[in-house]
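Quick note on labels: first sequence line is chain A, next is B, and so on, each numbered from 1. Heavy-atom basis, side chains included; hydrogens, waters and symmetry copies ignored.
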There are 2 protein chains.
Amino acid sequence: MEGSYPLQARNTVRRHRERAKYDFETVHSIVNASPILHVSFLPTDPSDDPFPTILPMIGYMGSFDGPSTGALDVYLHGHSASRVMRLAGNHGPEGIPVCIATTLLDGIKLSLTPFNNSCNYRSVVLHGYASVVTAEAEKEWALHLITDGLVPGCWDNSRVPPTRAENLSTSVLRVHIASASAKINQGGPSDDRKDLQNDEVTGRVWTGTLPLWESVGTPIPSITNKVTEVPGYVVQWRQNQNAQNESYAREAIEKGK
Amino acid sequence: MEGSYPLQARNTVRRHRERAKYDFETVHSIVNASPILHVSFLPTDPSDDPFPTILPMIGYMGSFDGPSTGALDVYLHGHSASRVMRLAGNHGPEGIPVCIATTLLDGIKLSLTPFNNSCNYRSVVLHGYASVVTAEAEKEWALHLITDGLVPGCWDNSRVPPTRAENLSTSVLRVHIASASAKINQGGPSDDRKDLQNDEVTGRVWTGTLPLWESVGTPIPSITNKVTEVPGYVVQWRQNQNAQNESYAREAIEKGK
């Protein structure tokens with residue numbers, strides 16, 4: 001998908017601008033590779049309580065109407081009675097302002113000095129307006145999107161559609177993006193020339209990168225499970241995740257050199 | 001460390017209260033097991049821009065004066081010219097209100113129906129006042145704490161202390177906690193009785209948990225590294241992390257059953 005989120009004061013990265021990305025593909029792929037999103041909002045009028053709050057939520061990006069511009073919405077699900085759902089529900093179609101952030105940590109880079117230590121990572125920060133999805137068709141489409149966003153194929157391999165009671169107790173938020181940016185760091189550690197020229201320091205301090213990735217272990221059947229074989233969609237997802245996650249972390253070190 | 005964060009309206013968990021924890025040890029250990037913290041704050045007056053924002057930051061909990069009450073502060077570091085440092089710096093000792101969140105994802109639980117899918121996780125949400133550390137001794141202590149919080153032993157195995165230029169370009173925030181809560185989910189998936197009694201469903205839908213943990217791969221030396229052997233503190237940390245992370249994810253499934 002071509003195109004980018006426009007640069008505005010709110011989303012323009014100022015530190016390490018060379019790491020910034022604004023294109024749809026980068027932003028969407030980092031969000032969709034993140035099992036958990038951190039969603040920040042103002043729970044009350046700031047004059048009552050000065051603190052923003054953060055909820056960890058599960059979500060996925062997509063477009064119900066089809067991407068006319070290339071930008072996607074973030075869909076998040078949660079209990080209908082939760083605070084963020086009630087707040088957004090009371091605000092109607094214009095929604096409440098939220099910030100959504102995710103960070104995938106790909107490695108820790110150890111330099112000659114703690115000051116130059118850094119990390120390989122892929123992060124996204126986006127701002128948008130969150131409103132409760134009221135149309136039945138869009139809600140079921142979004143629940144399918146979010147479910148399969150975590151483990152593809154899960155929806156069709158489960159008991160669906162949701163019952164009326166399940167539908168009532170789950171709500172879906174659609175976050176229409178106002179601004180977004182991604183930040184990616186790759187490569188190995190870097191050091192200042194002065195430290196690199198100091199033989200006493202380079203002779204005793206190891207520098208390098210510790211690659212990090214999320215591993216998926218052997219599936220553990222539940223105590224009520226009656227299906228003896230782990231289904232193909234789970235086996236496939238596990239293989240793909242383990243291969244992709246590990247190779248990304250290793251290749252990121254090479255790529256950024 | 002005994003003691004708990006007091007229950008207030010802001011930090012009382014309302015959904016799945018049985019998962020909530022407020023004791024110091026649980027809150028502090030989850031934050032300190034998290035390499036990245038998501039920090040939310042209001043970048044401007046809400047009348048100018050309605051959005052809170054989130055920064056991914058590296059931090060660690062500790063107490064410079066020694067824990068008289070058992071509560072700890074969160075220390076975060078960043079570039080001195082970054083927005084959050086300038087905002088907090090302009091607010092003086094009372095600091096700016098922030099929310100800090102972290103979520104460690106330990107497993108994905110697949111149920112008979114997507115509605116009952118859930119995750120094993122350890123999360124913390126805390127609120128506090130962030131101010132810039134101005135005392136030299138506390139700042140160096142905090143940089144040491146944060147550096148070793150990521151990989152223990154790193155500080156003493158690097159070129160320290162920081163130079164004057166390094167000290168000037170790095171700032172440290174101390175977040176004094178106003179309220180905090182943790183939420184922990186363990187065990188396998190659960191299902192509704194109606195689905196469990198439906199032989200057509202239980203005969204075809206696999207249910208169970210996919211354990212997840214962060215793996216640390218083989219350390220990759222930098223192109224300028226001159227120390228042939230990976231140092232013991234790195235080897236030890238990698239072994240500990242891999243063993244602890246994997247066993248936590250596996251044991252969490254058993255524990256919560």
Side-chain angles (χ1 to χ4, degrees), chain A residues 15 35-36 38 40 42 46 50-54 56 79 82 97 99 101 103 105 108 110 112-115 123 125 127 147 150-151 155 158-159 162 166 188-189 195-196 201-203 205-217 219-227 230-231 249 253, chain B residues 15 35-36 38 40 42 46 50-54 56 79 82 97 99 101 103 105 108 112-115 123 125 127 147 150-151 154-155 158-159 162 166 188-189 195-196 201-203 205-217 219-227 230-231 249 253:
Chain A
R15 305 227 58 80
I36 302 283
H38 284 97
S40 172
L42 297 178
F51 295 103
T53 200
I54 300 180
H79 197 284
S82 65
C99 178
T103 307
L105 186 62
I108 295 174
L110 301 178
L112 292 172
T113 174
F115 177 78
S123 70
V125 177
H127 298 88
T147 301
L150 209 50
V151 185
W155 186 269
S158 305
R159 192 273 291 151
E166 288 171 354
D195 288 312
L196 287 169
V201 171
T202 58
V205 181
W206 182 88
T207 62
T209 307
L210 316 178
L212 300 175
W213 64 88
E214 189 180 72
S215 287
V216 186
I220 310 291
S222 77
I223 46 173
T224 54
N225 174 59
K226 290 186 178 167
V227 176
V230 177
I253 301 169
Chain B
R15 303 227 60 80
I36 302 282
H38 285 97
S40 174
L42 297 178
F51 295 103
T53 201
I54 300 179
H79 197 284
S82 66
C99 178
T103 308
L105 186 62
I108 296 175
L112 292 172
T113 174
F115 177 77
S123 71
V125 177
H127 297 89
T147 301
L150 209 48
V151 184
C154 183
W155 185 270
S158 306
R159 191 273 292 150
E166 287 170 355
D195 287 313
L196 287 168
V201 171
T202 58
V205 181
W206 182 88
T207 61
T209 307
L210 316 178
L212 301 175
W213 65 87
E214 188 178 74
S215 287
V216 186
I220 309 291
S222 78
I223 46 173
T224 54
N225 173 59
K226 290 185 177 168
V227 176
V230 178
I253 301 170

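The part of V201(A) that comes within reach of chain B is its side chain, from C-beta onward, which places non-hydrogen atoms under 4.5 angstrom from that chain. In this structure, chain A has a heavy atom under 4.5 Å from the side chain of V125(B), while its backbone stays farther away. Both the backbone and the side chain of I54(B) have a heavy atom closer than 4.5 Å to some heavy atom of chain A. With a threshold of 4.5 angstrom between heavy atoms, L112(A) approaches chain B through N, CA, C or O but not through any side-chain atom. Neither the backbone nor the side chain of P162(B) comes within less than 4.5 Å of any heavy atom in chain A. Both the backbone and the side chain of V230(B) come within less than 4.5 Å of a heavy atom in chain A. Contact of T147(A) with chain B is made through the side chain alone, with heavy-atom distances under 4.5 Å.
Using a 4.5 Å heavy-atom cutoff, the side chains of L42(B) and L42(A) are in contact. When side chains are defined from C-beta on, E214(A) does not count as touching E214(B), because their heavy atoms never get closer than 4.5 Å. Taking 4.5 Å as the limit, every side-chain heavy atom of T209(B) sits out of range of all side-chain heavy atoms of P219(A). At least one side-chain heavy atom of F51(A) sits less than 4.5 Å from a side-chain heavy atom of P97(B). Under the 4.5 Å side-chain criterion, counting only non-hydrogen atoms from C-beta, L150(B) is in contact with I108(A).
Residues S82(B) and R15(A) approach most closely at CB-CD, 4.1 Å, considering heavy atoms. Nearest approach of T202(B) to V227(A), heavy atoms of both residues: O-CG2, 3.6 Å. What you find for D195(B) and E166(A) is that their closest heavy atoms are OD2-OE2, 4.4 Å.
Formation of a donor-acceptor pair under 3.5 Å by the N225(A) side chain with backbone atoms of T207(B) is found in this model.
Remark: W213(B) pairs with no residue by the ring pair (Phe, Tyr, Trp, His ring centres under 6.0 Å) rule, at least two apart or across chains. W206(B) meets the ring pair (Phe, Tyr, Trp, His ring centres under 6.0 Å) test with no other residue; sequence neighbours excluded.
Separating the CD1 atom in I36(A) from the CG atom in L105(B) is a distance of 5.0 Å, to the nearest 0.5 Å. Remark: S222(B) OG to L110(A) CG distance equals 10.0 Å, nearest 0.5 Å. The OG atom of S123(A) sits 7.5 Å away from atom NE2 of H38(B), with the distance rounded to the nearest 0.5 Å.
Most heavy-atom pairs under 4.5 Å with chain B: of the set A101(A), P52(A), G208(A), this distinction falls to P52(A). Looking only at heavy-atom pairs under 4.5 Å with chain A, the residue among P231(B), S40(B), S215(B) that has the most is S215(B). Put simply, of L196(B), T224(B), T53(B), the one with the most heavy-atom pairs under 4.5 Å next to chain A is T53(B). Contact tally against chain B (heavy-atom pairs below 4.5 Å) for G203(A), P56(A), P114(A): the top residue is P114(A).
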